[in-house]
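Data block below; observations after.
Start at 1 and go down the list; that is how both ligands and their atoms are numbered. Index from 1, following the sequence. From a predicted model like this one, the values you see are computed outputs, not experimental measurements.
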Amino acid sequence: MNNLNLDWNNLGFDYRQTSKRYVSNYENNSWDEGNLTEDANVVINECAGVLQYAQTCFEGLKAYRRKDGKIVLFRPDLNAERLEESSKRLYMPVVPKEKFLEAVEQTVLANADFVPPYGSGATLYIRPYIFGSGSVIGVKPDCKFQFRVFTTPVGPYFKDGVKPLSLCVSDFDRAAPSGTGHVKAGLNYAMSLHALQVAHENGFDENMYLDPQTRSKVEETGGANFIFVTKDNKVVTPKSSTILPSITRRSLMYVAKEYLGLEVEEREVYLEELNDFVECALCGMAAVLSPVGKVTNQDEVIVFKNSSTEMGPVSKKLYDTLTKIQMGKIEAPQGWIKVLDEVVEKVS
Ligand SMILES: *Cc1c(COP(=O)(O)O)cnc(C)c1O
């Protein structure tokens with residue numbers, strides 16, 4: 001099936017150009033039909049809204065190859081819904097759910113050779129995004145937009161084994177109250193680059209951001225939500241209107257409750273109570289779940305006893321269960337898995 005000679009087991013998380021990508025343009029209040037193209041370059045005006053005022057948002061999801069060779073997507077409808085929320089907040093046109101799903105499926109099928117083989121641990125990362133592609137110099141929404149979907153094969157996240165992360169409480173803020181923290185906007189990442197650079201220079205893997213208003217509550221990292229586990233195995237995740245609603249986190253909380261019978265709580269989590277947790281992990285599409293060993297807050301180091309040297313036992317169960325659901329080894333809740341039908345491949 002894979003006629004490409006890629007070293008699937010040693011792929012990192014880097015951009016690697018694949019055969020085709022989807023493009024659709026919005027002008028005069030409507031999206032055009034959309035089509036696949038081999039051209040990986042975008043040509044837009046120098047004054048495009050994305051270039052001048054960062055009018056852009058994106059999504060990220062993966063295609064997985066199952067044992068029977070079938071390609072599946074995990075809850076792509078939730079990515080469509082989240083992109084809709086992001087678009088509305090950034091005053092961009094909404095891509096209808098049907099169009100979004102069709103675009104993602106077409107793009108994956110057109111690059112089926114790049115979906116890594118079953119068992120390699122690698123996946124095909126899918127990046128849908130929308131940006132202002134017209135021209136705008138006064139501060140207002142752009143008049144034209146482009147919706148694109150490209151794919152790139154990525155390696156197993158834990159290829160060198162699982163090593164718990166070391167985080168620091170950031171002096172910088174990620175998302176203002178009533179700001180854009182709850183949407184997947186490129187601008188949230190642009191302004192987090194400096195904070196991440198500082199964290200790296202200080203020897204940390206990632207930042208733990210606090211709520212900017214009181215700086216007493218835990219929010220998330222630059223690109224992943226938190227889950228914590230209490231001494232009595234309760235799974236806790238921070239609740240805040242400025243956290244990006246991770247699809248992985250929402251799925252893990254469901255799995256914790258419905259598959260593992262654990263107590264779950266989505267509530268405000270105070271920095272002060274971090275010492276009460278025995279496990280901490282980050283969740284997002286890239287790694288599903290990565291253990292956090294410790295968090296440094298000024299002079300204080302908080303160590304999560306059960307996830308300080310390896311993935312904590314509760315996190316491990318969550319990780320195993322969710323990845324088995326994704327790979328079809330255990331039954332998924334209704335509607336979670338979309339099996340792609342390679343027969344209907346359309347290449348225009
Ligand atoms: C994308 C993203 C996540 C993770 O979301 P998933 O849907 O699980 O991939 C978490 N936080 C931020 C800020 C994000 O942009």
Polar contact flag for Leu244 and ligand 1 (N/O pairs, less than 3.5 Å):
no

For atom 15 (O) of ligand 1, what's the nearest protein heavy-atom neighbour? Residue, atom name and distance, please.
Tyr189 OH, 2.5 Å

With heavy atoms and a 4.0 Å threshold, my read on which part of Met285 contacts ligand 1 is both

Return the closest protein heavy atom for atom 3 (C) of ligand 1 as residue, atom name and distance.
Gly223 O, 3.4 Å

Under 4.0 Å, heavy-atom basis, I'd like to know which part of Ser246 is in contact with ligand 1: side chain, backbone, both or neither.
both

Evaluate the ring planes of Phe145 and Tyr26, with Trp represented by its six-membered ring, and classify them as parallel (under 30°), tilted (30 to 60°) or perpendicular (over 60°).
perpendicular

Nearest non-hydrogen protein atom, atom 1 (C) of ligand 1:
Lys184 NZ, 1.4 Å

In sequence, state the C-alpha distance, the side-chain angles, and the governing distance for Arg249 and Glu266, and then conclude on salt bridge (charged side-chain N to carboxylate O under 4.0 Å, His left out).
CA-CA 11 Å; Arg249 186 254 302 161; Glu266 188 181 352; 3.6 Å; yes

Would you confirm whether the ring centroid of Phe131 sits within less than 6.0 angstrom of the ring centroid of Phe58?
no

Which label fits Phe277 and Phe228: parallel for a plane angle under 30°, tilted from 30 to 60°, or perpendicular past 60°?
parallel

Is the closest side-chain donor-acceptor distance between Ser24 and Asp32 under 3.5 Å?
yes

Looking only at protein heavy atoms, which one is nearest to atom 11 (N) of ligand 1, and how far off is it?
Glu220 OE1, 2.6 Å

